[in-house]
Protein chains: 2
Amino acid sequence: MSDTSFDHKDCGTCPIRHRAVCARCDTDELAELDVIKYYRSYEAGQPIIWSGDRMDFVASVVTGVASLSQAMEDGRTQMVGLLLPSDFLGRPGREFAPYDVVAVSNLTLCCFRRKPFEQLMGRTPHIGARLLEMTLDELDAAREWMLILGRKTAREKIASLLAIIAQREASLAHSSTSDGMVFELPLTREAMADYLGLTLETVSRQISALKREGIVSLEGKRRILVPDFDRLMIETGDDADGGLMI
Amino acid sequence: MSDTSFDHKDCGTCPIRHRAVCARCDTDELAELDVIKYYRSYEAGQPIIWSGDRMDFVASVVTGVASLSQAMEDGRTQMVGLLLPSDFLGRPGREFAPYDVVAVSNLTLCCFRRKPFEQLMGRTPHIGARLLEMTLDELDAAREWMLILGRKTAREKIASLLAIIAQREASLAHSSTSDGMVFELPLTREAMADYLGLTLETVSRQISALKREGIVSLEGKRRILVPDFDRLMIETGDDADGGLMI
DNA sequence: CGTAATGTTGATTTGTATCAACGAGTGTGG
DNA sequence: CCACACTCGTTGATACAAATCAACATTACG
């Protein structure tokens, strides 16, 4: 069932060893983390946490994709975070979850019991420093997303989402974005709509339009082929260089 | 000219001493910060930094309000951060600014030269820990904002903005939100529109509607009076309790 | 094979943007 | 002192992008 199962228990072979919250830890610190860690797997679609639940762990995403979302009483839902491998889930010092967390694809988490993790963080600056860096990156991503939500057209939103996923996949796989690229879209039309503040019908129409114009093509429902990444970038409405300044 | 001028140079009397990035610093650490700090003031409307500029400092907002915004080539603008007193501006390790920063009201910053600040951060965990905490809070605020941008109606957006400002002012002033409250709205209609992903005309119309229905009233253009805060909260679309869970 | 989940497409409605005119307040210079 | 320009805000008429309502297609699955 699980096509992304993860059966390592050893940080030495962990696929996110050098990107996750533990990236800067030395051997001793890893050993300390090892004592309080455990793996958990979820199947695509399974809920991980409901907003308001007590949360006694924090975690790194090892494989798969999870979403954070906020729901209004009448059912309107906005995704507010998309957790890809190496992303961190939870907040040290926080007892109750403020968002719903769902496994979008099959998912493996590397969980740490929260209390001991907090204590360990107090002792090892490496962890706090890395978490700060990751949180600042997430804040930047959230701000880019705010521009998408507030000011982009439906077409630009879709193009932006595809470009973001494509770039993140490319960076994980160390492949180039320049020539034709193919990637798996881990989201349903509804999840994309919740990400972008659209309805699923609008998502479907805009994807069809991009397809019709040859900017993307599909293999099945989920596999996306982008023959010319620059062409896609034009449709995002962003300036060509992507505005990267580290 | 400046009605919010700040002429202390002493952290002991600083209004944000216990909320800013230096909140947890002891006397020795404050002394170290003192060596690399300087104050700068801006008048309402003045630009502080343009996106792409080199940034050789980081700073705390001492008094006043600043905005972070992202602009698209065609002029569409989205505000992505609103910095109130005690909020932190800049990112350690980052050389170029990714956003435009503007003084929305008269503003005083407590600036730290970036390089020495980074070094100091490496030595004093208190600063990094506080910055992590503040960044996590900002991330939460950004996520609440994403729900507003993606899923709320124009009316709900306006009500949400008013509620957010009202609550933050109340918490700074240690006053209650329960009975009638009055506060200064530091934003122009255009800035509100950029915050909420609306046009200024729509902002104006929705404020007029809330006024017509007695949910708010205005003294002049900027002074807002909220006779019944719960009534305003209903208009935000959020559930009554505000969903606070620390 | 039937049923449910997911996705596509069409017809219509609607909320907000856009275009446009105007009002109130403020500062400036003749 | 008043005419003028300029900024900021309000209000009205109209256009349009996306939501909504609805039907149907495709795929997965017991």
Side-chain angles (χ1 to χ4, degrees), chain A residues 1 3 43-46 72 74-78 102 104-106 148-161 184-213 216-224 235 237, chain B residues 1 3 43-46 72 74-78 102 104-105 148-159 161 184-213 216-224 235 237:
Chain A
M1 187 102 303
D3 61 344
E43 284 181 30
Q46 282 188 332
M72 295 173 68
D74 61 8
R76 282 177 284 173
T77 299
Q78 177 64 52
V102 176
V104 168
S105 66
N106 291 339
I148 292 174
L149 288 173
R151 293 300 186 193
K152 290 195 177 180
T153 65
R155 183 188 177 90
E156 289 169 338
K157 284 178 174 183
I158 295 289
S160 299
L161 172 60
E184 204 67 32
L185 224 184
L187 305 174
T188 64
R189 297 292 183 260
E190 188 179 15
M192 291 163 74
D194 285 345
Y195 185 106
L196 297 170
L198 297 171
T199 60
L200 60 89
E201 293 96 326
T202 299
V203 170
S204 185
R205 275 186 248 274
Q206 295 298 335
I207 291 181
S208 297
L210 292 177
K211 209 166 51 181
R212 215 177 303 126
E213 296 169 37
V216 302
S217 49
L218 302 200
E219 294 174 8
K221 297 297 175 200
R222 296 288 187 84
R223 197 161 191 75
I224 307 274
E235 300 299 334
Chain B
M1 186 105 304
D3 61 343
E43 284 180 31
Q46 282 188 332
M72 295 173 69
D74 61 8
R76 281 177 284 174
T77 299
Q78 176 64 53
V102 176
V104 168
S105 66
I148 292 174
L149 288 173
R151 292 302 186 193
K152 290 194 178 181
T153 64
R155 181 188 178 91
E156 289 167 338
K157 285 177 173 182
I158 296 289
L161 173 60
E184 204 67 32
L185 223 184
L187 305 174
T188 64
R189 297 290 182 261
E190 188 178 17
M192 290 162 71
D194 285 345
Y195 185 105
L196 297 170
L198 297 171
T199 59
L200 60 90
E201 293 95 327
T202 298
V203 169
S204 185
R205 275 185 247 274
Q206 295 298 335
I207 290 181
S208 297
L210 292 177
K211 208 165 53 181
R212 214 177 303 125
E213 297 169 36
V216 302
S217 50
L218 301 199
E219 293 173 10
K221 297 296 176 200
R222 296 291 187 83
R223 196 160 193 75
I224 307 275
E235 299 300 332

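Quick note on labels: first sequence line is chain A, next is B, and so on, each numbered from 1. Since the model is a prediction, treat every value here as computed from it, not as a measurement.
- Here A:Thr199 does not reach the OP1 or OP2 of D:dA18: none of its side-chain N or O atoms lies under 4.0 Å away.
- Nucleic acid contact class of B:Leu198 (heavy atoms, under 4.0 Å, all strands): sugar-phosphate only.
- Comparing D:dG12, D:dT10, D:dC21 by their nearest atom to the side chain of A:Glu201 picks out D:dC21.
- OP1 or OP2 of D:dT11 sits under 4.0 Å from a side-chain N or O of B:Ser208.
- Under a cut-off of 6.0 angstrom, the local environment of CD in B:Glu190 is sparse, with at most 12 non-hydrogen atoms contributed by other residues, nucleotides or ligands.
- With rounding to the nearest 0.5 Å, the separation of CZ in B:Arg205 from CZ in B:Arg212 is 10.5 Å.
- Taking atom CZ on B:Arg205 and atom P on C:dT16, their separation rounds to 11 Å, with Å as the unit.
- Among A:Val203, A:Leu149, A:Leu161, the one residue that satisfies the side chain to side chain contact (heavy atoms under 4.5 Å, CB included) test with A:Leu198 is A:Val203.
- A straight line from CD of A:Gln206 to P of C:dT8 spans 12 Å, rounded to a whole angstrom.
- Nearest nucleotide to the side chain of A:Leu200, out of C:dT8, C:dT16, D:dA18: C:dT8.
- Comparing C:dA11, D:dT10, D:dA18 against the side chain of B:Arg189 picks out D:dT10 as the nearest.
- Atom CZ in B:Arg151 sits roughly 13 Å away from atom P in D:dA18 (whole-Å rounding).
- For the pair B:Lys152 and A:Gln78, the minimum side-chain heavy-atom distance is 4.5 Å or more.
- Remark: P of C:dT18 and CD of B:Glu190 are 13 Å apart, rounded to the nearest angstrom.
- Residue-level contact check: A:Gly45 touches neither bases nor backbone, having no heavy atom under 4.0 Å from any strand.
- Atom CG in A:Leu187 sits roughly 17 Å away from atom C1' in C:dA5 (whole-Å rounding).
- Taking atom CG of A:Asp194 as the reference point, atom P of D:dA19 lies 12 Å away to the nearest angstrom.
- Summarising the geometry, the separation between CZ on B:Arg155 and P on C:dT14 is reported as 18 Å, rounded to the nearest angstrom.
- For D:dA18, neither phosphate oxygen OP1 nor OP2 lies less than 4.0 angstrom from any side-chain nitrogen or oxygen of A:Thr202.
- Rounded to a whole Å, the NZ atom of A:Lys157 is 7 Å from the P atom of D:dA19.
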Problem set entry | side-chain contact (heavy atoms from CB on, under 4.5 Å) between B:Arg222 and B:Thr188, intermediate numbers included | CA-CA 8 Å; B:Arg222 296 291 187 83; B:Thr188 64; 3.2 Å; yes

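- Nearest to the side chain of A:Thr188, among C:dT16, C:dG7, C:dT8, sits C:dG7.
- If you check D:dT10, C:dG7, D:dA19 against the side chain of A:Arg222, the one that comes closest is C:dG7.
- Closest contact between the side chain of A:Lys221 and the listed nucleotides C:dT8, C:dA17, D:dG9 involves C:dT8.
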